[in-house]
Number of protein chains: 2
Amino acid sequence: MARNNPAGDVRERLVQAALGLFAQHGVNGTSLQMIADEIGVTKAAVYYHFPSKEDLVEAVVTPYLRDLAAVVEAAEGRHRRADRLDTLLGGIIDLLVDNRELHIALQADPVIRRHVDGRPDMRDLGMRAGLLMMGTRTDTHALIITLIVSGGLAYASTSPYLADLDDTELRRELHTTARRILGIKTPITQH
Amino acid sequence: MARNNPAGDVRERLVQAALGLFAQHGVNGTSLQMIADEIGVTKAAVYYHFPSKEDLVEAVVTPYLRDLAAVVEAAEGRHRRADRLDTLLGGIIDLLVDNRELHIALQADPVIRRHVDGRPDMRDLGMRAGLLMMGTRTDTHALIITLIVSGGLAYASTSPYLADLDDTELRRELHTTARRILGIKTPITQH
DNA sequence: GTCTATATCTTGATAGAC
DNA sequence: GTCTATCAAGATATAGAC
């Protein structure tokens, strides 16, 4: 196995290059030529590793879906509401902060959305996470708070205004803020 | 002026068709052929009304930017903090609810983002809105709450889970929830 | 595993008839 | 103001040499 490349095998470098370009230009705005150029190979080399562009999309998205699924399952495994929330928020925020500007782009990209919707194993992940956040409440108000926190965390974590915060600080700020916002609907459980 | 079309002149129908398709497939995922087909004309007819695809993007985006600018300016014209917040939130939520599923897609689309960033008159709209939300606070915590509310409102207003709420109800729910979340940082002003 | 070369299709855009 | 016909460029994808 030829390992004369700067960092790791070509397949993984292709996935990383694609990830960055997808986030910046969208999937439709990123040609295989751009991806190949990014790591210094030709289009044909890309096609050796991935039979089609869709396969590349799948390779880019899958690790994130797996990580998210693991977080949701871990949270569902907890029993007390506070623990479920902490596990879910902590896990999601870790994912967001570790990737920063990528999540919004990936989540909003029409091609990726369609790809994810086409995978039955992953389709209800968003709803399961939402149910965990809502807890026992099922009214409209709780739903709206849940939606605002979900979308708001993803949006905030990608903001250029927070770019100079280090990961640890950003994680802590997002977690406490999300906790406090979600606490609005259940003020009694807060100390 | 030939007015033998189902609804209004062709130019406006093209803009509306483009808006819907952009939101669904993204700008790069929407060909001029698709837009032409949508209203039953040919590509060449599109090019009569818009010299280039970018001009169509501009025609789609401009009304929203103008509306947003009007809201921000109206809010900046108020003097008391509570009035500024109410004007801003009310205006933005009206825009979101009136268009629902469009805003997230438009805001996240790389082509549209680039187009907006290239218009100096509109570039600082987001920051001005953010400053209005933050009020006198300038710390990280206030910034994060502002970001979460901004992104969260846009995200929530597009959620399928809220699709069956009528506009009036959705508006009211979003407004009171946003108000309460922003109230976290200034609990003294809330009775 | 990576290359050159090419096939095929779709795109944004133009020319000119009506 | 809309059409048919066409162009040049760029896209995904394939074939076959090394």
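Excluded from the calculations below are hydrogen atoms, water molecules and symmetry mates; all remaining heavy atoms, backbone and side chain alike, are included. The chains referred to below are lettered A, B, ... by the order of the sequence lines, with proteins before strands, and numbering in each begins at 1.
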*List in chain and number order the residues that pass side-chain hydrogen bond (donor to acceptor under 3.5 Å, both in side chains) with A:Arg172, two or more places apart in sequence or in another chain; answer none if no residue qualifies.*
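side-chain hydrogen bond (donor to acceptor under 3.5 Å, both in side chains) list for A:Arg172, sorted by chain: empty.
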_Residue pairs involving residues 36-56 of chain A (criterion salt bridge (charged side-chain N to carboxylate O under 4.0 Å, His left out); sequence neighbours excluded)_ = none
*Contact list for residues 60-77 of chain A, test salt bridge (charged side-chain N to carboxylate O under 4.0 Å, His left out), sequence neighbours left out*: A:Glu73-A:Arg128, A:Glu76-A:Arg128
*Spell out, yes or no, whether A:Met127 and A:Leu143 are grouped together once hydrophobic residues are joined by side-chain heavy atoms under 4.5 Å, including indirect joins.*
yes
*Just call it for B:Ser31: base, sugar-phosphate, or nothing, with non-hydrogen atoms closer than 4.0 Å on any strand.*
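Sugar-phosphate contact only.
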Would you kindly give the [atom1]-to-[atom2] distance between [X] and [N], to the nearest whole Å?
| X | N | atom1 | atom2 | answer |
| --- | --- | --- | --- | --- |
| A:Gln33 | D:dA9 | CD | C1' | 13 Å |
| A:His49 | C:dC3 | NE2 | C1' | 12 Å |
| A:Asp37 | C:dT2 | CG | P | 15 Å |
| A:Glu12 | C:dG1 | CD | C1' | 17 Å |
| A:Arg13 | C:dG1 | CZ | P | 14 Å |
| B:Asn28 | D:dG10 | CG | P | 14 Å |

*B:Arg119 and B:Thr62 side chains, donor-acceptor separation under 3.5 Å*: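 There is such a pair between these side chains.
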*asked:* Is the phosphate of C:dG1 approached by A:Tyr48 (side-chain N or O, under 4.0 Å from OP1 or OP2)?
replied: yes
*Which nucleotides of nucleotides 13-18 of chain D have their base under 4.0 Å from a protein heavy atom (B), which only their sugar-phosphate (S), and which neither (-), written as one string 5' to 3'?*
BBB---
*Who passes side-chain contact (heavy atoms from CB on, under 4.5 Å) against B:Leu131, sequence neighbours left out?*
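Expected list: none.
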*For A:Ala129, what residues pass the side-chain contact (heavy atoms from CB on, under 4.5 Å) criterion, not counting sequence neighbours?*
A:Val72, A:Leu88
*Bend across the helix from C:dG1-D:dC18 to C:dC18-D:dG1, to 10°, with axes taken over 5 pairs at each end?*
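Helix axis angle between the two ends: 0°.
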Could you pull out every donor-acceptor pair under 3.5 Å between side chains of residues 97-104 of chain B and any protein atom, sequence neighbours left out?
| from | atom 1 | to | atom 2 | distance (Å) |
| --- | --- | --- | --- | --- |
| B:Asp98 | OD1 | B:Arg171 | NH1 | 3.4 |
| B:Asn99 | OD1 | B:Tyr64 | OH | 2.9 |
| B:Asn99 | ND2 | B:Leu95 | O | 2.6 |
| B:Arg100 | NH1 | B:Leu162 | O | 3.3 |
| B:Arg100 | NH2 | B:Leu165 | O | 2.8 |
| B:Arg100 | NH2 | B:Asp167 | OD1 | 3.1 |

*Can you name the residues that form a salt bridge (charged side-chain N to carboxylate O under 4.0 Å, His left out) with A:Arg11, not counting sequence neighbours?*
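Testing A:Arg11 for salt bridge (charged side-chain N to carboxylate O under 4.0 Å, His left out), a comparison that skips the adjacent residues, returns none.
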